[in-house]
Amino acid sequence: MEEKYKPKKVEDKWQKFWDSEDLFGVIESPDRKKFYCLEMFPYPSGRIHMGHVRNYVIGDVIARYKRMRGFNVLHPMGWDAFGLPAENAAIKHGLHPSKWTRNNIDYMRMQLKKLGLSYDWKRELATCDPEYYRWNQWLFLRMLERGLAYKKKSSVNWCSSCGTVLANEQVIDNACWRCDTTIVQKKLEQWFFRITAYAEELLNDLHTLKNWPERVLAMQRNWIGRSEGVEVTFRIEGSDLSVRIFTTRQDTLYGATFVSIAREHPLLDELIKDEKIVEEIKSLSDDPEEKEGVFTGLYAINPLSGDKLPVWVSNFVLMEYGTGAIMAVPAHDQRDFEFAIKYDLPVKQVIFPERAESAGGPLEEAYEGEGVLLNSSGFSGLQSDKAREEIANFIEKENLGCKNTNYRLRDWGISRQRYWGTPIPVIYCKTCGIVPVPENELPVLLPEGEQNVDNAPLPLSDVKSFIAVKCYECGEDAERETDTMDTFVDSSWYFIRYCSPSFKDGPVDSRAVDHWMPVDQYIGGIEHAVLHLLYSRFFTKVLRDIGLIKAGEPFDRLLTQGMVIKDGAKMSKSKGNVVDPDLLIDTYGADTLRIFCLFAAPPERDLEWSDSGLEGAYRFLNRLWGIVCKNSITSGGEIEFKSLKKDKDLSGLLRKIHQTIRKVTNSIERDYHFNTAIAALMELLNEIMASKPSTSDGKDIFRFAINSAVILLAPFAPHIAEELWEKTGNKGSVFGAPWPVWDEETVKEEEIELIIQINGKVRGKLGITAGLDDETISQKAFADPKIKEYVGDKPVKRVVIVKGRLVNIVV
RNA sequence: GGGCGAGUGGCGGAAUUGGCAGACGCGCUGGACUUAGGAUCCAGUGGGGUGACUCGUGGAGGUUCAAGUCCUCUCUCGCCCACCA
């Protein structure tokens, strides 16, 4: 009696089996090669979505494959559990963020298990767990000691809807990355991590990340934004003060016609006493589109040319970058050009494109390219690149300034005025100032339970019992810091914690960490190209410098998977185009869902959802199931390739098996293109179904084909593979079976078909046995009646023979 | 404005890196079985032509015996960064 494929039954059975055998639990093992496979952990929002499914299935295939290849595979999972949505949900559902988060974790863990993911669940962690976030605090204190954590008052990004400050990386198009509310600037005193101290290393080490996608590297390079140039001091006329400017275009120094400084520039406090000008500066537009300026009445002296330049305050000069002051060269900088036109300031051209020196006439726009210097005293006639070098040297020699490098990267603001996060472990004492919480007082626990009438958890600044504390140094009344940490702090080192998730004496057990780190394969969405991936690199370097770990880079190989798309748009609740994985697993099974996600597109590309594509995946598994049951291949177990005799009828199938082994293995090893691996398995199945074994040797080959297909399928559709493995009389888990090896000789076709081209166009085919010499092949080609006709009596210029592929006759 | 990608049938996508373009799947067409088919199986399926053939990888050139693949120019789309001096 043929048994129908019932995915639910099969999947329940094998998930229980894996659990009870603890098949994916792992410990350090010195005699096996390790492989650390990691997917970005999810925020416990409530339910798994298709993006998660795709991400985790890709990771699972890699983890299972590597395990089958004999690696000791670490494959953990956890929860990025702090964050604002929990607070919003609390208001909506009347649940405490902690309760809401825990409920979600429980539900989502169950969902992940239903997908059959091969995690070592004993390593599970949640960042909202005090045993996790205490080490956030511990690390913060270490960074504080080293001056890598500090507090400063500055202009920060404020999202009024979220009620908190955001880091620069979390502002997209001047709006909040979570809720899209327009950001306003606020002057606040906030905690920062000095990521800029690592700017140079973060940039340089990008070169070592050979297995990262080029565009992620480019985005990080861009974000760090290194520029080399010079700082030059301009004396203020009639004063002993001066203004220092930064430029990368010192070759245009002689073209400077005015100086622009930022609104917050300290020089203004010193020298501007005229209330009217002060007022005008205050009323400058904040709109970055509109360039506005105010003349200060001051003049600065260009130390090279001696020119007297008016000093303007401009709304587009940033105090935070460089020196907060620039020399303006309208002829060679478009922004300065527009400003000069608007305020009728002079334009002085000093760089001329080659062979166009006497272009003459007023400029239409700034010329920002390279060229030859003119009107530049002793530097005239030089190429701009050469001039940059010589002028920089001259400036240093004459003590007018110095070479300098600036970065776009700013320090990472980590203070959040929110409840659901890691409390920052410092207190404020009237006499002792900022006092770090001593190590033995950690963790500073997040108080539970205090909510306002709307069920909104109170920010810590409103929780009196939390704030009140005795100073750790003088014992007097003091107050706790009430800001919590950015949740990106939590996720910047969780992959390190996984190595020793329950270690009590520190954030990491160095022995375990040095064994597992770095992560060999990291998989996640491109949206973290700068945010999480930059912060994690920073943290890894800090932990290394603290002496906790050896690795200097966290992720050796990075795969950024594409989005899941439906009807041309990313799946989202607001667009109403979401597909719920739960429902699909119940009707088709996890294996079908997995196969579809892997087959429909290569991992790095976007995946267009298709209901009928899913059906196709289901059919494929059903056909495989059917052929095993129909042929009642229920005994015999594993078959050794060596024991197989060639059967005339099925030599084609035998060859196909080996070709499939090669194709599947190479597809995974080369670039994780699982779509082509599965396509190859489908081809093999098609050929199995077309085979009619009659002899006993043929039946062996047939069974070998099915056995191989089942093993090769296992990383992709693990449950059905286990079931069929068992059904075909094998003992134990299919994941204990060795990965099959192909035999080069068997892969080769005995009879090959050469194509015959005339002048590069296909004109005929030639069936020959493999391994014939060129001379014979050529003779055979010319003997072909059709070819004879084509060639006729035209003179043959050349015959190109490509082994095993074609003959090209040029006439 | 700068950076990074990508353009292949009706659709998702293949093509051992210069060697039969369209593997595999979806969809579609016809057939079988069926009370029925949105199940299953069989056959077909890039365009044009009865045909031999011919045209085809965004477009235009080029290199080559041979180009989706390499070079030059160009168009379109997507993503990222953007007064960073």
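A note on names: the letters A, B, ... follow the listed sequences, proteins ahead of strands, and every chain is numbered from 1.
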Candidates B:A66, B:C84, B:G25 - which lies nearest the side chain of A:N686: B:G25

Of all residues at least two apart in sequence or in a different chain, which pass the side chain to side chain donor-acceptor pair (under 3.5 Å) check with A:S536? A:H532

Are a donor atom and an acceptor atom from the side chains of A:T233 and A:R244 found within less than 3.5 Å of each other? yes

Taking only the side-chain heavy atoms of A:R619 (C-beta and beyond), determine which of B:C84, B:U40, B:A66 contains the nearest atom. B:U40

To the nearest angstrom, the CE-C1' distance between A:M682 and B:A14 comes to 13 Å

Using a 4.0 Å cut-off on heavy atoms, which residues in residues 608-616 of chain A reach RNA chain B? List them by number, or say none. A:S612, A:G616

Under-3.5 Å N/O pairs linking protein and nucleotides 1-7 of chain B:
none

Closest to the 5' end of RNA chain B, once A:F599 and A:I526 are matched to their nearest nucleotides, is A:F599

Tell me, what's RNA chain B's dot-bracket, Watson-Crick or G-U with both distances under 3.5 Å, | for other-strand, [ ] crossing? (((((((..(((......[....)))((((((.......))))))(((....)))..(((((..]....))))))))))))....

Atom pairs, protein N/O to nucleotides 54-57 of chain B N/O, distance under 3.5 Å:
residue	atom	partner	partner atom	Å
B:U54	OP1	A:R763	NH2	3.4
B:U54	OP2	A:R763	NH1	3.2

For A:F674 and B:A23, what is the distance between atoms CZ and P respectively, to the nearest whole Å? 23 Å

note: A:R670, atom CZ; B:A15, atom C1'; distance rounded to Å ~ 10 Å

Rounded to whole Å, how long is the line connecting atom CD of A:Q659 with atom C1' of B:C24? 15 Å

Nearest-nucleotide pick for A:L318, side chain only, options being B:C84, B:A14, B:G19: B:C84

How many whole angstroms separate atom CG of A:L534 from atom P of B:C81? 13 Å

Nearest of B:A15, B:A85, B:A66 to any side-chain atom of A:N808? B:A66

Separation of B:G12 P from A:K566 NZ (nearest whole Å): 16 Å

For A:R557, the salt bridge (Lys or Arg N to Asp or Glu O under 4.0 Å) test, sequence neighbours excluded, returns none

State which residues pass side chain to side chain donor-acceptor pair (under 3.5 Å) with A:W625; sequence neighbours excluded, sorted by chain then number. none

For A:E669, check side-chain contact (heavy atoms from CB on, under 4.5 Å) against everything at least two apart and list the hits. A:Y65, A:K66, A:R69, A:T665

Using the six-membered ring wherever Trp is involved, compare the ring planes of A:Y5 and A:Y618 and label them parallel, tilted or perpendicular (cut-offs 30° and 60°). tilted

For A:N622, give me all partners under side chain to side chain donor-acceptor pair (under 3.5 Å), at least two apart in sequence or on another chain. none

A:P602 side chain: which of B:A85, B:G12, B:G13 is closest? B:G13

With a 4.0 Å cut-off on heavy atoms, is A:P213 in touch with a base, just the backbone sugar-phosphate, or nothing at all? nothing

Residues that A:T560 engages under side-chain contact (heavy atoms from CB on, under 4.5 Å), provided they are two or more places apart: A:P213, A:V216, A:I526, A:L558

In chain order, what residues pass the side chain to side chain donor-acceptor pair (under 3.5 Å) check against A:D251, with sequence neighbours excluded? A:R249, A:R388

A:E231 CD to B:A85 P, straight-line distance once rounded to whole Å: 13 Å

Candidates B:G13, B:C81, B:G19 - which lies nearest the side chain of A:W223: B:C81

Anti versus syn assignment for B:U17, with syn defined as within 90° of 0: syn

Parallel, tilted or perpendicular for A:W412 and A:Y535, by the 30°/60° rule? parallel

Choosing from B:C84, B:G19, B:C24, which nucleotide comes nearest the side chain of A:Q757? B:G19

Is the shortest side-chain heavy-atom distance between A:L681 and A:L712 below 4.5 Å? yes

Rounded distance (Å) that lies between atom P of B:C24 and atom CD of A:E687: 11 Å

Applying side-chain contact (heavy atoms from CB on, under 4.5 Å), can you list everything that pairs with A:D606, at least two apart in sequence or on another chain? A:M563, A:I565

Using O4'-C1'-N9-C4 for purines and O4'-C1'-N1-C2 for pyrimidines, with syn meaning within 90° of 0, is B:G37 syn or anti? anti

Closest-nucleotide ordering on RNA chain B, the 5'-leading residue of A:R226 and A:R623: A:R623

